[in-house]
Amino acid sequence: MDESCYWNQKTFAIVTGASRGIGRTLAEKISKQMGADSVLLLISRDEKDLDSLQKAIETDRPSVRVHVGVTDLSSCDESALNGVVSSALAGESAESFAHALCVHNAGSLGDATKRCTDLVSVNSCVQYFQLNLASVVVLNAIFLRRFASSLSPVQQRKTVVNMSSLCGVEPFSSLSLYCTGKAGRDMFFKVLAKEEPDVRVLNYAPGPVETNMRTQLLHQSWTEEIKSGGLGLTTEMTCDRLMAILAGDSYASGAHVDYYDP
Ligand SMILES: NC(=O)c1ccc[n+]([C@@H]2O[C@H](COP(=O)([O-])OP(=O)(O)OC[C@H]3O[C@@H](n4cnc5c(N)ncnc54)[C@H](OP(=O)(O)O)[C@@H]3O)[C@@H](O)[C@H]2O)c1
């Protein structure tokens with residue numbers, strides 16, 4: 001059964017980094033594909049932006065319950081992440097959902113003014129990888145353990161999306177931490193796909209997208225290779241592409257799929 005068969009059924013979905021940019025647009029698009037009594041958990045640090053998104057979605061889709069989980073993924077621990085997921089479930093049985101989806105989208109660029117030889121603070125490196133790698137690994141485990149039921153993959157579909165980047169497969173000067181984090185995430189989700197054949201795992205590279213992150217990149221980076229990049233995609237374009245890839249369901253689990261792939 002392809003992924004599109006699971007849309008419009010009762011779904012539990014998590015989108016991290018939902019306050020703005022790609023995550024916000026994606027959360028809106030996912031909400032439109034959710035069936036009655038679905039739950040959508042929105043995570044980021046910005047309560048005001050998450051609240052406004054919650055209101056917009058609940059107006060558009062009254063049958064979807066939206067839960068706001070204000071969390072700093074660069075400093076929270078496992079009990080905070082567990083707490084956010086538990087509050088969103090609000091006592092509902094994980095087995096009552098036909099589809100469980102987790103989109104690991106939150107991320108940061110790091111300081112793109114720096115070269116590899118400028119990275120002399122252990123604390124800054126640890127904090128960077130806590131947001132961009134460690135919190136992803138742990139939230140993912142919490143999510144899959146919650147939905148580790150006796151249901152077959154046909155009775156309950158589980159999907160995990162990692163928001164990846166071309167930087168996860170190609171090195172770019174000025175982006176050492178970013179490239180390293182994205183490469184690490186991709187490999188983590190490739191291993192997950194191997195260990196958990198019943199979970200559909202996608203590493204999606206969204207292309208260059210006009211968001212705060214891209215503005216920061218063009219402003220900070222000192223390399224021509226990056227500075228000469230033209231206008232990027234809109235969040236609509238890349239999220240539509242991701243939704244189509246998920247619905248088509250023809251990707252190999254664990255694969256890295258780029259917006260520009262045929
Ligand atoms: N834009 C591009 O060209 C591009 C290209 C390739 C890949 N990507 C990837 O796409 C994803 C989304 O990027 P974007 O361009 O939409 O970036 P963005 O506009 O900067 O949004 C980043 C999101 O991550 C959240 N976030 C940042 N730090 C956080 C923290 N400490 N705790 C919790 N949430 C945090 C932000 O929310 P708060 O500030 O509210 O916490 C925001 O919602 C990222 O993983 C990025 O690497 C982007």
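Each ligand, and each atom within it, is numbered from 1 in the order the structure gives.
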Using a 4.0 Å cutoff against the non-hydrogen atoms of [X], which atoms of ligand 1 qualify?
X    : answer
S164 : 6 (C), 7 (C)
Y178 : 6 (C), 7 (C), 8 (N), 9 (C), 46 (C), 47 (O)
D72  : 30 (C), 31 (N), 32 (N)
L73  : 30 (C), 31 (N), 32 (N), 33 (C)
P208 : 3 (O)
G21  : 16 (O), 19 (O)
S74  : 31 (N)
P206 : 5 (C), 6 (C), 7 (C), 8 (N)

Report the nearest protein non-hydrogen atom to [atom]: residue, atom name, distance rounded to 0.1 Å.
atom                    : result
atom 15 (O) of ligand 1 : T211 OG1, 2.5 Å
atom 38 (P) of ligand 1 : S19 OG, 3.5 Å
atom 23 (C) of ligand 1 : G17 CA, 3.7 Å
atom 19 (O) of ligand 1 : R20 NE, 3.4 Å
atom 16 (O) of ligand 1 : I22 N, 2.9 Å
atom 28 (N) of ligand 1 : R45 NH2, 3.3 Å
atom 17 (O) of ligand 1 : M213 CB, 3.5 Å
atom 44 (C) of ligand 1 : N105 O, 3.1 Å

Practice item. Using distance alone, decide if ligand 1 has a nitrogen or oxygen within less than 3.5 Å of any nitrogen or oxygen in V209. Key: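 Yes - when backbone and side-chain N and O of V209 are compared with those of ligand 1, one distance drops under 3.5 Å.
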Review point. Got an N/O contact under 3.5 Å between R214 and ligand 1?
Key: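 No, no N or O pair falls under 3.5 Å.
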Check your understanding: atom 24 (O) of ligand 1: which of G107, S165, S44, G207 has the nearest heavy atom?
Key ->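 Comparing heavy atoms across G107, S165, S44, G207, the nearest one to atom 24 (O) of ligand 1 lies in G107.
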Check your understanding: Who gets closest to atom 33 (C) of ligand 1 by heavy atom: T71, T215, T16?
Key ->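 Closest candidate by heavy-atom distance is T71.
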Ignoring hydrogens and angles, state whether a donor on the side chain of [X] or [Y] is under 3.5 Å from an acceptor on the partner side chain.
X    : Y    : result
R115 : S176 : no
R24  : S52  : yes
K227 : S221 : no
S164 : D186 : yes
T113 : D111 : yes
S44  : D49  : no

Exercise for review: Determine, stepwise, if the pair D249 / R157 fulfils salt bridge (Lys or Arg N to Asp or Glu O under 4.0 Å).
Suggested key: CA-CA 12 Å; D249 202 33; R157 172 81 156 198; 2.7 Å; yes
Point to revise | Carboxylate-amine/guanidinium proximity below 4.0 Å for K10 and E92 | key: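 E92 and K10: salt-bridged.
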**Study point:** salt_bridge(E196, K158) N-O dist < 4.0 Å
**Key:**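 No, this pair does not count.
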Check your understanding: Is there a side-chain contact between N203 and K190, using heavy atoms and a 4.5 Å cut-off?
Key ->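 Yes - at least one pair of side-chain heavy atoms lies under 4.5 Å apart.
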Check your understanding: Parallel, tilted or perpendicular for W7 and H99, by the 30°/60° rule?
Key ->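 If you compare the ring of W7 with that of H99, the planes turn out perpendicular.
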Check your understanding: Do the rings of F147 and F97 sit parallel, tilted or perpendicular, given the 30° and 60° boundaries?
Key ->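 Plane angle over 60°, so perpendicular.
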Heavy-atom contacts under 4.0 Å between [X] and ligand 1: side chain, backbone, both, or neither?
X    : result
D46  : both
K182 : side chain
S108 : neither

Point to revise | contact_flag G232 ligand 1 heavy-atom lt 4.0 Å | key: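 It does not; every heavy atom stays at 4.0 Å or beyond.
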Exercise for review: Check the pair Y178, S108 against side-chain hydrogen bond (donor to acceptor under 3.5 Å, both in side chains), reporting the backbone distance first and the verdict last.
Suggested key: CA-CA 8 Å; Y178 186 74; S108 67; over 6 Å; no
**Study point:** Residue of the set D240, T234, T235, T211 for which side chain to side chain donor-acceptor pair (under 3.5 Å) holds with T25
**Key:**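 Checked D240, T234, T235, T211 against T25; only one passes side chain to side chain donor-acceptor pair (under 3.5 Å): T235.
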